[in-house]
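All values below were derived from every heavy atom in this structure, side-chain atoms included, with hydrogens, water molecules and symmetry-related copies excluded. Whatever order the structure lists them in is the order used to number ligands and atoms, beginning at 1.
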Amino acid sequence: MPKVISLVGARPQFVKEAMIYKEVRRLSAWDYVLVHSGQHYDAYMSGAFFDQLSIKNPDHSMDIGSGSHGAMTARALERFEAVLLKERPDMVLVYGDTNTTVAGALAASKLKIPVAHVEAGIRQNPKDMPEEINRVVTDHLSRHLFTCSRTAADNLAKEGITQGVHNVGDVMYDLFLMMRSSFDGAITEKLGLKPNRFVLVTLHRDFNVDDERKLGEILKGLSELRKTLDLEIVFPAHPRTSKRIEEFGLSGLTDGIKIVPPVGYFQLMGLAENCALAVTDSGGFQKEAVFAGKRALVIMPDTGWRELTDCGWNLLAEPNSEDIVKKGLSIAQTDGTTPPTPYGDGHAAEKTVLALRSILKGATQ
Ligand code: UD1
């Protein structure tokens, strides 16, 4: 049986891996080896996802931890190369756009091991943001590219990548549909919130939270939005964001904002289903809010998920309090239309695994 290594390391990758792993097992598709880079390591950033989503224990843990982009990527590159030399897989599967992703694609392609990229073709400005650099490099190193939407496949075509592109849909949409009945709606009440009476916030991008002025403006905007809309604000904060709030001495601006530690997948989705609207700079969560039928105010200069903003469902906002209040108000006051559903039919993982199984069969015959 062919051997495939799945490389994960950060929260959004665990979510994608859960769905692929399920299909690999169901279809007995290949000998599956799981490698965890260790980019996310806190129990609530990593272990909780493995438990909740029944992902198998990693066969290799590389413990790269945090650090500068160069240091993290270099540690992952060196340690993953050693794993590849030991395991000698027929293919490496990488997900999304993190430092783990790009290191995995680079290590494998240098050893002439074919790379498959799940969530290929996402593009956004600014071109120098770390995730964008990771996406472009990974896509150009990958032999098999699995896209979530037509837009992503078109983005690849614009860069001359047309071979090996499979437009299968979004594995995160698959997971959402499959797990929906198990979402933890009870967390809403546990946090003292009432359904449809709160804004759900997630923020972790370096360009928002590592800049004292911008982070201060965003917190100010959220407080004002709370007063204007007469809604509560709940904010499961990424450790990077909590650290910055403290370092910059911005705690005084969080009055009325319920900051809680990061929550697991079932809890975040439970909150998403019950919130009035979402405010986020997460790539994954701006989609998941829409899967839950909610609108998201996306605090980014641009988004890789343009299908959701071009139709006016989600709105981009600048990291300043005035724009956040203006756009938040506009989102809260618009209703009636049905959310867009551009990300496939809930079978993206199955299509991905079937395509790769047949590619691997052809290669090993
Ligand atoms: C990374 C990804 C981003 C993804 C996000 C999901 C890159 C360049 N970015 O961003 O694409 O959307 O994961 O969360 O790879 N930290 C902890 N505990 C942890 C992990 C991190 O305290 O378990 C803190 C550390 O201070 C660390 C900081 O968070 O330096 C940032 O972590 P890092 O993995 O570098 O980037 P993310 O912002 O999580």
Inset, instruction - Starting from atom 26 (O) of ligand 1, find the nearest protein heavy-atom neighbour and note its residue, name and distance. - result: Lys243 NZ, 2.8 Å

Inset, instruction - Return the residue, atom name and 0.1 Å-rounded distance of the protein heavy atom closest to atom 8 (C) of ligand 1. - result: Asn99 OD1, 3.4 Å

Inset, instruction - Flag His40 as yes when one of its N or O atoms lies below 3.5 Å from any N or O atom of ligand 1, and as no otherwise. - result: yes

Inset, instruction - Just jot down the ligand 1 atoms closer than 4.0 angstrom to any heavy atom of Asp97, in number order. - result: 11 (O)

Inset, instruction - State whether a side-chain donor-acceptor pair under 3.5 Å links Gln124 with Thr303. - result: no

Inset, instruction - Provide, to 0.1 Å, the distance between atom 32 (O) of ligand 1 and the closest protein heavy atom, together with that atom's residue and name. - result: Arg240 NH1, 4.0 Å

Inset, instruction - Could you check if a side-chain atom of Cys148 sits within less than 4.5 angstrom of a side-chain atom of Trp305, using non-hydrogen atoms only? - result: yes

Inset, instruction - Could you tell me which non-hydrogen atom of Phe49 sits nearest to which non-hydrogen atom of Tyr44, and how far apart they are? - result: CE1-O, 3.6 Å

Inset, instruction - Identify, by atom number and element, the atoms of ligand 1 in contact range of Gln39, meaning under 4.0 Å from any of its heavy atoms. - result: 1 (C), 7 (C), 15 (O), 20 (C), 33 (P), 34 (O)

Inset, instruction - From the options Leu193, Leu200, Leu231, select the one residue that forms a side chain to side chain contact (heavy atoms under 4.5 Å, CB included) with Cys275. - result: Leu200

Inset, instruction - With atom 17 (C) of ligand 1 as the reference point, say which of Tyr44, Tyr41, Phe14 has the nearest heavy atom. - result: Tyr41

Legend entry - Parallel, tilted or perpendicular: ring planes of Phe146 versus His166, cut at 30 and 60 degrees: parallel

Inset, instruction - Can you pull out the closest protein heavy atom to atom 18 (N) of ligand 1? Residue, atom name and distance to 0.1 Å, please. - result: Asp42 OD2, 2.8 Å

Inset, instruction - Quick one: look at Met45 and ligand 1, take heavy-atom pairs under 4.0 Å, and tell me if it's side chain, backbone, both or neither. - result: side chain

Inset, instruction - Answer whether the closest heavy-atom distance between the side chains of Asn320 and Ile324 falls below 4.5 Å. - result: no

Legend entry - Residue pair Thr100 / His36, side-chain donor-acceptor N/O under 3.5 Å: no

Inset, instruction - Have a look at ligand 1 and work out which part of Ser282, if any, has a heavy atom under 4.0 Å from it: side chain, backbone, both or neither. - result: neither

Donor-acceptor contacts under 3.5 Å from residues 341-354 side chains, at least two apart:
{"residue": "Tyr343", "atom": "OH", "partner": "Glu307", "partner atom": "OE1", "Å": "2.8"}
{"residue": "Asp345", "atom": "OD1", "partner": "His347", "partner atom": "N", "Å": "3.0"}
{"residue": "Asp345", "atom": "OD1", "partner": "Lys351", "partner atom": "NZ", "Å": "3.3"}
{"residue": "Asp345", "atom": "OD2", "partner": "Lys351", "partner atom": "NZ", "Å": "3.1"}
{"residue": "His347", "atom": "ND1", "partner": "Glu350", "partner atom": "OE1", "Å": "3.1"}
{"residue": "Glu350", "atom": "OE2", "partner": "Arg26", "partner atom": "NH2", "Å": "3.3"}
{"residue": "Thr352", "atom": "OG1", "partner": "Ala348", "partner atom": "O", "Å": "2.7"}

Legend entry - Taking atom 29 (O) of ligand 1 as the reference point, the nearest protein heavy atom with its distance: His238 CE1, 3.4 Å

Legend entry - Protein residue, atom and distance nearest to atom 5 (C) of ligand 1, heavy-atom basis: His204 NE2, 3.6 Å

Inset, instruction - Would you mind listing which atoms of ligand 1 come within a distance below 4.0 Å of any non-hydrogen atom of Arg11? - result: 14 (O)

Inset, instruction - Please identify each residue that fulfils salt bridge (charged side-chain N to carboxylate O under 4.0 Å, His left out) with Arg123, with sequence neighbours left out. - result: Asp139, Glu159

Inset, instruction - Within a distance under 4.0 Å of any heavy atom of Pro239, pick out the atoms of ligand 1 and give their elements. - result: 16 (N), 17 (C), 18 (N), 22 (O)

Inset, instruction - Considering only non-hydrogen protein atoms, determine which one is nearest to atom 9 (N) of ligand 1 and report residue, atom name and distance to 0.1 Å. - result: Glu131 OE2, 3.0 Å

Inset, instruction - Apply the test side-chain hydrogen bond (donor to acceptor under 3.5 Å, both in side chains) to residues Gln286 and Asn314: give CA-CA distance (whole Å), side-chain angles for both, the deciding distance (0.1 Å), then the verdict. - result: CA-CA 8 Å; Gln286 62 188 271; Asn314 283 353; 4.9 Å; no

Legend entry - Lys3/Asp90 salt bridge by N-O under 4.0 Å criterion: no

Legend entry - ligand 1 atoms in contact with Met72 (distance to a heavy atom under 4.0 Å): 34 (O), 35 (O)

Inset, instruction - Provide the number and element of each atom of ligand 1 under 4.0 Å from a heavy atom of Pro12. - result: 6 (C)

Inset, instruction - List the closest protein heavy-atom neighbour of atom 30 (O) of ligand 1: residue, atom name, distance to the nearest 0.1 Å. - result: Ser66 CB, 3.4 Å

